[in-house]
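Step one of this worksheet: look at the structure below.
Each chain gets a letter, A, B and so on, in the order its sequence line appears, and its residues count up from 1. Predicted model, so just to flag it, every value in this text is computed and none were measured.
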Amino acid sequence: MIEWPESKIHAFQKTLLDWYDHNKRDLPWRRDHDPYHVWISEIMLQQTQVHTVIPYYERFMGEFPSVADLANADEGRLMKAWEGLGYYSRARNLQKAARQIVQDYDNVWPRDIAELQKLAGIGPYTAGAIASIAFNQPVPAVDGNAFRVFSRLLEIDDEISKPQTRKIFEQVISKIISQERPGDFNQAIMDLGSSYMTAANPDSDHSPVKAFNQAYIDGVELNYPVKNKKPRPIEVDYFALVIRSSAGILMEKRPDSGILADFWTFPLVAKEDLLAFSGQDEFAEDEDALTAMTDYFAQQYGLTLAFQFLPVKKVTHIFTHRKWLMTLLSADLTTENDLSLFPGRFFSKEDFIQHAFPKVQQKLIDRVNSLDE
DNA sequence: TAATCGTGGGT
DNA sequence: TACCCAAGATT
């Protein structure tokens with residue numbers, strides 16, 4: 001890591017802020033510095049690209065214009081507003097934090113970053129972003145852009161996923177950040193990181209701060225930031241079940257923790273579980289899974305179902321750490337059945353419209369709808 | 001500390 | 001294709 005003298009720090013601040021003043025992106029959450037606006041945008045932007053967030057942000061502000069509106073919102077409406085954005089605990093934490101602000105802080109935002117981090121879903125980055133952008137406090141906001149930009153500017157070789165590395169960056173940025181315009185400084189770093197100093201194809205030849213970019217000068221830009229490789233998603237085989245009756249399609253409520261917590265999904269049976277249930281290592285014939293599933297539903301839930309494969313029977317969905325390979329089976333419930341042992345209920349067309357579904361379920365819903373055409 | 005938690009886009 | 005990346009937080 002190299003260090004900058006005071007004169008270079010001031011030159012960098014001026015170059016960066018001059019560039020930002022003439023080139024900052026016109027984004028809906030930059031119309032003012034309202035902490036509510038800053039907060040909602042920062043949560044939505046976690047691990048999510050700007051162009052994805054913009055329509056969600058606009059709709060969200062239309063539905064929940066204030067902290068109080070969010071605190072009092074119906075959870076179903078909240079999840080519908082977040083539907084498709086992913087990382088759904090963010091939405092649930094938003095409402096928790098809104099209620100904290102109303103109840104614990106008498107509807108007055110805390111300005112201290114330590115206090116901000118007591119709010120649900122607000123960690124070190126988001127606390128820094130709110131404190132600097134909304135309250136003009138000279139604190140760093142170390143996100144992926146800041147890691148990338150400053151690791152290149154100063155050739156910082158520490159591996160960025162380590163918690164102690166964040167402290168190193170916070171210390172470095174605290175010395176460089178503009179005391180007069182900390183919010184603009186942090187946002188300028190983000191704009192820089194998403195334009196000239198990108199991860200894959202940086203354009204430092206034309207960057208306003210190329211003279212400050214030691215890694216570029218040394219021709220080693222792509223070595224930064226130093227980051228560990230992530231493991232590939234683990235593949236899991238499921239049977240996804242389309243069970244119809246006159247009342248609609250049978251849906252299952254997922255547990256209140258883990259992936260897609262609390263969402264309604266088509267019943268999913270892991271192939272591994274079905275094999276274990278039937279005492280086999282593998283289904284010798286595809287059709288063996290159908291009879292195994294029939295036996296499984298009879299024993300587990302007391303339901304008599306004759307399963308068959310759907311015409312298009314494979315759907316895949318990739319999450320960050322899992323890859324679901326789903327085989328679609330269908331069955332009809334023609335007689336009255338006792339559903340008391342099954343963790344779910346039938347969904348009408350209206351239910352499908354009103355509830356929020358994760359993307360993987362929308363894929364399945366689309367497949368089912370295409371069957372009826 | 002390392003794993004978990006979604007989705008869309010780029011190469 | 002397979003992999004990486006995108007304004008991270010939580011456990």
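Put simply, the side chain of A:T320 and the base of B:dG6 share a donor and an acceptor less than 3.5 Å apart. Counting distance only, with no hydrogens placed and no angle test, the side-chain atoms of A:T52 and the base atoms of B:dG9 include no donor-acceptor pair under 3.5 Å.
Note: A:F169 and A:F147 have perpendicular aromatic rings, judged against thresholds of 30 and 60 degrees for the angle between ring planes. The aromatic rings of A:F319 and A:H317 lie perpendicular to each other, with more than 60° between the two planes, well past the 30° mark.
Within residues 72-98 of chain A, the residues that have a heavy atom under 4.0 Å from DNA chain B are, in order of number, A:G84, A:L85, A:G86, A:Y87, A:Y88. Only at 4.0 angstrom or more do the heavy atoms of residues 185-196 of chain A sit from any atom of DNA chain B, so none qualifies. Listed by residue number, the members of residues 148-167 of chain A with any heavy atom below 4.0 angstrom from DNA chain C are A:R148.
With hydrogens and angles ignored, the 3.5 Å screen pairs no side-chain donor or acceptor of A:R244 with any backbone N or O of A:A331. Under the 3.5 Å distance criterion, the side-chain polar atoms of A:Q103 are left unmatched by any main-chain donor or acceptor of A:A98. Proximity of a side-chain donor or acceptor of A:R111 to a complementary backbone N or O of A:A131 within less than 3.5 Å is not detected.
Atom C1' of nucleotide C:dA7 and atom NE2 of A:H51 are separated by 13 Å, given to the nearest angstrom. Between the CH2 atom of A:W324 and the P atom of B:dG6 there is a distance of 9 Å, rounded to whole Å. A straight line from CD of A:Q49 to C1' of B:dG9 spans 5 Å, rounded to a whole angstrom. In this structure, A:I133 places its CD1 atom 8 Å from C1' of C:dA7, rounding to the nearest Å. Rounding to whole angstrom units, CG of residue A:N228 and P of B:dT1 are separated by 12 Å. The distance between atom NZ of A:K227 and atom C1' of C:dC3, rounded to the nearest whole Å, is 13 Å. Going from atom CZ of A:R232 over to atom P of C:dC4 covers 10 Å, rounded to whole Å. When the C1' atom of C:dA6 is taken as reference, atom OH of A:Y125 falls 12 Å away, rounded to whole Å.
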Please evaluate residues A:R345 and A:D351 with respect to the criterion salt bridge (charged side-chain N to carboxylate O under 4.0 Å, His left out), reporting the C-alpha separation (whole Å), side-chain torsions for both, the decisive distance (0.1 Å), and the verdict.
CA-CA 11 Å; A:R345 64 174 178 83; A:D351 287 325; 3.3 Å; yes
Worked check of salt bridge (charged side-chain N to carboxylate O under 4.0 Å, His left out) between A:K359 and A:E83:
CA-CA 8 Å; A:K359 184 59 64 177; A:E83 180 180 37; over 6 Å; no
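Nearer the 5' end of DNA chain C, as judged by each residue's closest nucleotide, is the contact made by A:S41, out of A:G121 and A:S41. Between A:P231 and A:Q47, the residue whose closest nucleotide on DNA chain B is further toward the 5' end is A:P231.
Taking side-chain N and O atoms only, A:H321 has a distance below 4.0 Å to OP1 or OP2 of B:dC5.
No chain of hydrophobic side-chain contacts below 4.5 Å, direct or via other Ile, Leu, Val, Met, Phe, Trp or Tyr residues, connects A:I113 to A:I130.
If you check every strand for non-hydrogen atoms under 4.0 Å, A:A199 touches sugar and phosphate atoms only. Using a 4.0 Å heavy-atom cutoff across all strands shown, A:V53 reaches no nucleic acid atom at all. Among the heavy atoms of the strands, none lies under 4.0 Å from A:I234. Residue contacts for A:R254: at a heavy-atom cut-off of 4.0 Å it reaches no nucleic acid atom on any strand shown. Here A:A120 lies in heavy-atom contact (under 4.0 Å) with sugar-phosphate atoms only. When heavy atoms are screened at a 4.0 angstrom cut-off, A:I318 is found touching base atoms of the nucleic acid.
More than 12 heavy atoms of other residues, nucleotides or ligands lie within 6.0 Å of CG in A:D74, so this atom counts as buried by the packing criterion. The environment of A:E272 atom CD is sparse: at most 12 non-hydrogen atoms of other residues, nucleotides or ligands sit within 6.0 angstrom. Dense packing is recorded around NZ of A:K8, with more than 12 heavy atoms of other residues, nucleotides or ligands lying under 6.0 Å away.
Residue A:H317 places its side chain closer to B:dT7 than to any other of C:dA7, B:dT7, B:dT4.
Using a 4.0 Å cut-off between charged nitrogen and carboxylate oxygen, A:K271 and A:E282 count as a salt-bridge pair. The pair A:D21-A:R181 meets the salt-bridge criterion, since a charged nitrogen lies less than 4.0 angstrom from a carboxylate oxygen.
Distance check on atom P: B:dC5 versus C:dA7 gives 23 Å, rounded to whole Å. Rounded to the nearest Å, the gap between the P atom of B:dA3 and that of C:dC4 is 15 Å. Remark: the separation of the P atoms in C:dT11 and B:dG6 is 14 Å, to the nearest Å.
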